[in-house]
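Chain identifiers are assigned alphabetically (A, B, ...) following the order of the sequence lines, protein sequences preceding nucleic acid strands; residue numbering begins at 1 within each chain.
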Amino acid sequence: MLPRLLSIDKNSDLNMQKNYAPARIESDAQAHWETQKTFKVTEDATREKFYCLSMFPYPSGKLHMGHVRNYTIGDVIARYQRMLGKNVLQPMGWDAFGLPAENAARKNQAAPAAWTYANIEYMKTQLKRLGFGYDWNRELATCQPDYYKWEQWLFTELYSKGLVYRKNAVVNWDPVDQTVLANEQVIDGRGWRSGALVERREIPQWFVKITDYADELLDEIDNLEGWPDQVRTMQRNWIGRSFGVQMDFAVQGRTNAAGAGSAGAAGIQDSDESLTIYTTRPDTLMGVTYVAVAGEHPLAVKAAQGNAELTAFIEECRQGGTSEADLETIEKKGMPLGINAIHPVSGEAVPIYAANFVLMSYGTGAVMAVPGHDERDHAFARKYGIPIKQVVHPVDGSTVDIQAAAYIEKGVLKDSGPFNDLTSEAAFDAIAEWLQERGKGEKTKNYRIRDWGVSRQRYWGTPIPMIHCEQCGTVPVPLADLPVLLPEDIVYDEDTINPIKENPAFSDCVCPDCGGKAQRETDTFDTFMESSWYYARYTCPDADAMLDERAKYWLPVDHYVGGIEHAVLHLLYARFYHRLLRDTGLVENNEPFTRLLTQGMVVADTYYREQADGSKHWYNPAEVEVERDEKGRPLQAVLSTDGQPVIIGGIEKMSKSKNNGIDPQSLIDRYGADTVRLYTMFTSPPDQSLEWNDEGVEGAYRFLKRIWALADKMGTDPDALAGKSGSVPIIFDERQKTARREIHEALQKANYDYDRQQFNTVVSACMTMVNALYKLGDAVGDQAVLHEGLGIVLRLLGPIAPHISHHLWSDLGYGDDILNSAWPVPDETALKQESIQYVVQVNGKVRAKVQAPAEADKAAVEAIALANENVQRFIGEAQVRKVIVVPNKLVNIVAK
RNA sequence: GCCCGGGUGGCGAAAUUGGUAGACGCAAGAGACUUAAAAUCUCUCGACCUUUGGGUCGUGCCGGUUCGAUUCCGGCCCCGGGCACCA
């Protein structure tokens with residue numbers, strides 16, 4: 001089976017044979033895959049399918065290291081599955097809508113579309129240069145009308161099913177630029193361009209009812225066995241189903257105005273209003289000493305009428321960002337409204353406060369506060385001198401100082417009127433029933449997850465296919481009129497905020513129902529809408545429907561790879577969307593992704609100098625030299641150009657803002673794609689963060705050169721390569737047997753690690769093999785082991801460093817195309833050992849290593865261990881109490 | 001603030017998941033080859049002690065369970081990710 005090998009004249013192209021020249025090998029291999037259409041796939045009912053997907057990139061300009069890592073992991077899995085014989089689909093496309101295109105357009109005065117398409121073109125050449133095995137026939141970009149048309153269609157379908165609605169929601173408002181800001185554009189509470197203090201403002205927005213699917217999305221997390229526990233836990237917490245009690249507090253008009261100022265408060269009268277709150281701790285109800293409402297709450301708004309101080313406070317509450325992190329970390333402030341809530345059980349009046357940490361859009365915009373048993377309420381009560389009551393006591397009867405700190409554990413109720421001496425658990429039900437009987441409240445299931453707000457007040461996105469007609473109200477755009485095209489040939493300059501807002505050419509339209517004048521919705525979709533179903537569209541990218549029958553062959557995705565930062569939002573929206581597709585009859589299963597690998601971030605050192613204005617100027621690691629002591633600890637870092645020190649800013653995710661990115665392209669140009677792929681796979685396991693290190697890349701390159709040299713070391717004797725000495729099978733000597741055992745043990749390890757996707761140790765196993773092969777010489781037996789071993793190494797490395805593996809495999813005559821070769825399995829006879837090493841411990845400490853025959857039983861192993869001189873020395877005068885023998889591993893002698 | 005991870009030599013890591021801590025690689029040191037350098041090859045490489053046989057300590061910190069703990073349990077410290085309009 002070695003015709004090609006025999007025909008090679010090793011001296012004919014000496015340079016190429018002697019030196020590893022990745023550029024040429026890689027372009028040859030890529031040309032081979034291209035002309036053979038190696039990665040083009042179609043549905044084939046006779047073969048097991050495998051759909052391997054990596055999260056598609058945002059076309060930001062060029063690939064970054066995170067992309068390289070993500071796509072290498074995906075490609076390794078895809079190629080491995082292919083070599084196992086499956087019909088593998090691995091597509092690629094572009095998450096093309098988004099804010100950066102608008103920013104770039106503003107800066108470069110070019111249309112976002114042109115910028116995006118240019119980036120796609122360049123990044124595609126980079127992906128090809130890395131040798132990823134994609135079926136490019138299925139490429140898609142989410143900004144293409146034939147893609148977003150179907151998303152618009154689905155939205156109108158959801159509207160007709162009542163799964164879509166419009167309501168007011170809070171946004172970040174820049175009062176100077178008169179525009180909505182993304183959270184990213186709010187820096188320290190100010191607009192990024194104007195520097196103005198950001199305000200919270202409510203505007204009408206479209207929502208999709210993900211809460212209708214909350215139970216299903218939560219319950220089926222249990223079935224996602226191929227997902228990391230970390231992600232499953234995060235999603236469970238995100239959905240955050242809780243069981244609690246919703247109850248009403250009657251509102252009593254003004255009584256005491258303590259601290260509420262004086263002016264104008266007299267206008268408020270007794271009312272029969274009430275406010276509704278939700279709590280997961282009804283057992284603490286008797287400890288309520290105040291109630292807090294959002295600044296926008298009708299009660300607060302009403303109380304503020306004519307009250308300048310309260311009006312000013314409510315105004316202050318509107319300032320700052322809308323993100324949860326902002327709201328939770330701001331200084332908690334409040335102001336009494338001068339009205340009281342009536343405790344539903346005790347009838348006691350407790351003050352109602354407006355508070356800056358209560359948001360109108362979350363829950364009911366009002367919370368009951370129990371300072372004794374909630375940390376935040378406790379801090380607030382201390383600040384405003386509100387009483388702190390203890391109503392829950394530890395079960396063990398111990399006492400706690402409730403004035404010093406909140407007691408948040410469950411326990412036994414005291415000072416709770418009719419509920420005294422009940423446990424928290426019993427009180428939950430008792431209080432709920434008490435309220436229910438009196439029509440004041442009921443047990444409720446609540447979710448932390450909120451409906452998905454999909455409106456964005458931006459240009460570069462999918463137009464929301466809705467029309468506002470004065471006669472007919474809101475009317476969805478009918479399928480025949482889809483897609484609602486986003487105009488791409490628009491003018492963009494520094495002052496452009498949004499070319500489709502206040503643009504009659506876009507917004508003026510005719511009502512599909514009455515034919516009268518109407519206005520288009522000018523908001524666009526959240527880009528998560530596009531990324532929530534792209535995996536399905538890849539199966540039938542040219543379908544004249546959202547999806548066709550092909551989706552049923554390929555879905556679900558068997559393996560999905562992407563960043564851990566998508567653990568909740570993207571992955572939850574995609575799970576939700578898949579169910580929407582299912583309930584529209586487009587897919588047949590419940591979950592989109594069977595197995596998930598969340599890859600860690602690529603991180604690197606950061607360096608900066610403080611500027612005069614207090615800001616930081618970040619220097620790229622390539623511009624900095626680090627001085628180290630003899631142990632390699634960094635002493636200081638200096639800028640190469642001026643030799644002056646820079647501050648070492650610690651290790652952070654590679655990013656533009658910290659300027660600590662390493663451009664993959666320069667590494668590919670210098671070392672080739674295989675080295676970059678190998679390095680990223682070897683340095684860290686896929687799910688951990690990867691710390692960048694230039695010398696490590698050099699090491700990966702060195703390893704590939706060693707393999708290249710090994711190929712050169714292999715002779716051409718056809719008998720040796722066939723495992724024969726003349727016509728007789730080779731009898732291996734001890735040294736050769738040892739080499740074979742090392743190789744097959746490493747193979748066993750590599751296969752185990754391929755299966756659990758720990759690719760760094762797959763590479764380690766390959767290195768171990770190569771080290772063993774380097775010890776072999778020219779003897780016939782050595783050559784046979786070398787030939788066998790290198791064949792194994794090439795196939796193990798095939799998915800990781802595909803170009804060199806492809807080249808050597810065919811060049812050395814192992815076969816035609818390595819992708820079509822059989823995956824290697826360990827040879828049992830090579831693994832067999834006559835004697836086994838046991839570690840002998842005395843009282844848990846290693847004291848000796850002994851050899852025992854492989855067939856020795858426990859008693860025999862024990863005897864051999866006890867016979868050891870060092871073991872006897874440590875037993876000394878003590879009595880042997882117990883001997884533990886772990887087969888094939890260890891003996892522990894317990895002596896006292 | 002809340003939720004989720006992580007912490008092992010000078011560095012990245014490994015330990016088939018309760019059984020030899022540090023595989024594999026980087027950096028460093030020594031040697032071989034070379035006129036020389038680079039490249040390549042070989043060896044050493046956790047800390048401390050040592051009579052050179054070996055011994056003691058060591059996986060962020062404190063405690064516990066166990067014949068035996070990087071691994072399990074309780075408490076703490078530090079670092080990172082996500083927090084709904086970055087993608």
Side-chain angles (χ1 to χ4, degrees), chain A residues 55 57-58 60 95 97-100 171-172 180-186 228-231 233-234 236-238 240 322-330 332 357 375-376 448-450 452-453 455-458 526-528 531 563-570 572-573 600-601 603 628-634 650-653 682-685 687-700 702-703 705-706 709 748-749 752-753 756 758 760-761 763-768 771 774 837-841 843-846 849 870 881-884 886 889-895:
Chain A
M55 289 180 187
Y58 177 79
S60 56
D95 188 16
F97 277 136
L99 201 50
V171 292
N172 298 304
V180 174
L181 299 176
N183 283 338
E184 187 190 51
Q185 299 171 317
V186 179
D229 287 339
Q230 176 189 5
V231 175
T233 307
M234 286 167 87
R236 281 193 191 99
N237 290 336
W238 187 263
T322 58
S323 78
E324 189 179 344
D326 286 342
L327 295 170
E328 291 289 332
T329 51
I330 48 168
K332 308 293 184 291
F357 57 88
E375 281 171 11
R376 189 175 63 183
R448 206 184 80 91
I449 194 172
R450 309 191 299 269
W452 180 10
S455 296
R456 296 293 180 270
Q457 299 69 40
R458 286 179 233 301
D526 175 6
T527 58
F528 278 126
S531 58
I564 183 67
E565 65 273 21
H566 295 291
V568 178
L569 292 179
H570 162 62
L572 189 60
Y573 289 141
M601 293 167 307
V603 299
R628 294 172 187 278
D629 65 14
E630 319 90 63
K631 292 237 168 179
R633 286 174 203 270
I651 293 169
E652 301 214 40
K653 181 178 178 174
F682 176 59
T683 304
S684 296
D687 55 357
Q688 279 183 33
S689 61
L690 185 156
E691 272 181 48
W692 194 260
N693 173 270
D694 288 333
E695 279 97 10
V697 182
E698 199 71 51
R702 200 173 298 149
F703 174 62
K705 283 195 287 188
R706 270 167 76 79
Q748 201 167 35
K749 165 89 179 137
Y752 175 78
D753 288 339
R756 62 171 177 157
Q758 186 170 286
N760 56 327
T761 46
V763 178
S764 294
C766 290
M767 288 171 167
T768 304
N771 289 344
Y774 256 77
Q837 182 188 268
Y838 277 83
V839 168
V840 186
Q841 299 180 329
N843 291 327
K845 295 199 178 196
V846 179
K849 285 164 191 177
N870 208 40
R881 306 273 173 189
K882 199 172 169 187
V883 179
I884 292 135
V886 182
K889 271 200 175 133
L890 168 141
V891 180
N892 189 14
I893 297 158
V894 186

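- Across the interface with RNA chain B, nearest-nucleotide mapping of I651(A) and T683(A) shows T683(A) to be the residue nearer the 5′ end.
- For T768(A) against A23(B), a side-chain-to-base donor-acceptor contact under 3.5 Å is absent.
- For K749(A), a side-chain nitrogen or oxygen approaches OP1 or OP2 of A15(B) to under 4.0 Å.
- Base orientation of G64(B): anti (glycosidic angle beyond 90° from 0).
- A84(B) atom C1' lies 8 Å from atom CG of N183(A), rounded to whole Å.
- Regarding contacts with the backbone of C2(B), every side-chain N or O of N237(A) stays at 4.0 angstrom or more from both OP1 and OP2.
- The side chain of N760(A) contributes an N or O atom lying less than 4.0 Å from OP1 or OP2 of A14(B).
- Regarding contacts with the backbone of G68(B), every side-chain N or O of R881(A) stays at 4.0 angstrom or more from both OP1 and OP2.
- For R448(A), no side-chain nitrogen or oxygen approaches OP1 or OP2 of C2(B) to under 4.0 Å.
- Between N892(A) and U20(B) there is no side-chain polar atom (N or O) within less than 4.0 angstrom of OP1 or OP2.
- Toward the 5' end of RNA chain B, the nearer of the two residues V839(A) and D95(A), judged by each one's closest nucleotide, is V839(A).
- Looking at every heavy atom in both residues, R448(A) comes nearest to N237(A) through NE-O, 3.4 Å.
- Contact detail for Q185(A) and V180(A): the closest heavy-atom pair is OE1-O, 4.2 Å.
- Taking side-chain N and O atoms only, K705(A) has a distance below 4.0 Å to OP1 or OP2 of U40(B).
- Between T761(A) and the phosphate of A14(B), there is no side-chain N or O to OP1/OP2 separation shorter than 4.0 Å.
- Within the structure, every side-chain polar atom (N or O) of Q758(A) is placed at least 4.0 Å from both OP1 and OP2 of A13(B).
- Look at G9(B): its glycosidic torsion is within 90° of 0, and that puts it in the syn range.
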Tell me, with the steps shown, if S323(A) and D326(A) meet side chain to side chain donor-acceptor pair (under 3.5 Å).
CA-CA 5 Å; S323(A) 78; D326(A) 286 342; 3.2 Å; yes

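- Between Q688(A) and the phosphate of A13(B), there is a side-chain N or O to OP1/OP2 separation shorter than 4.0 Å.
- The phosphate of U17(B) has neither OP1 nor OP2 within less than 4.0 Å of any side-chain N or O from R756(A).
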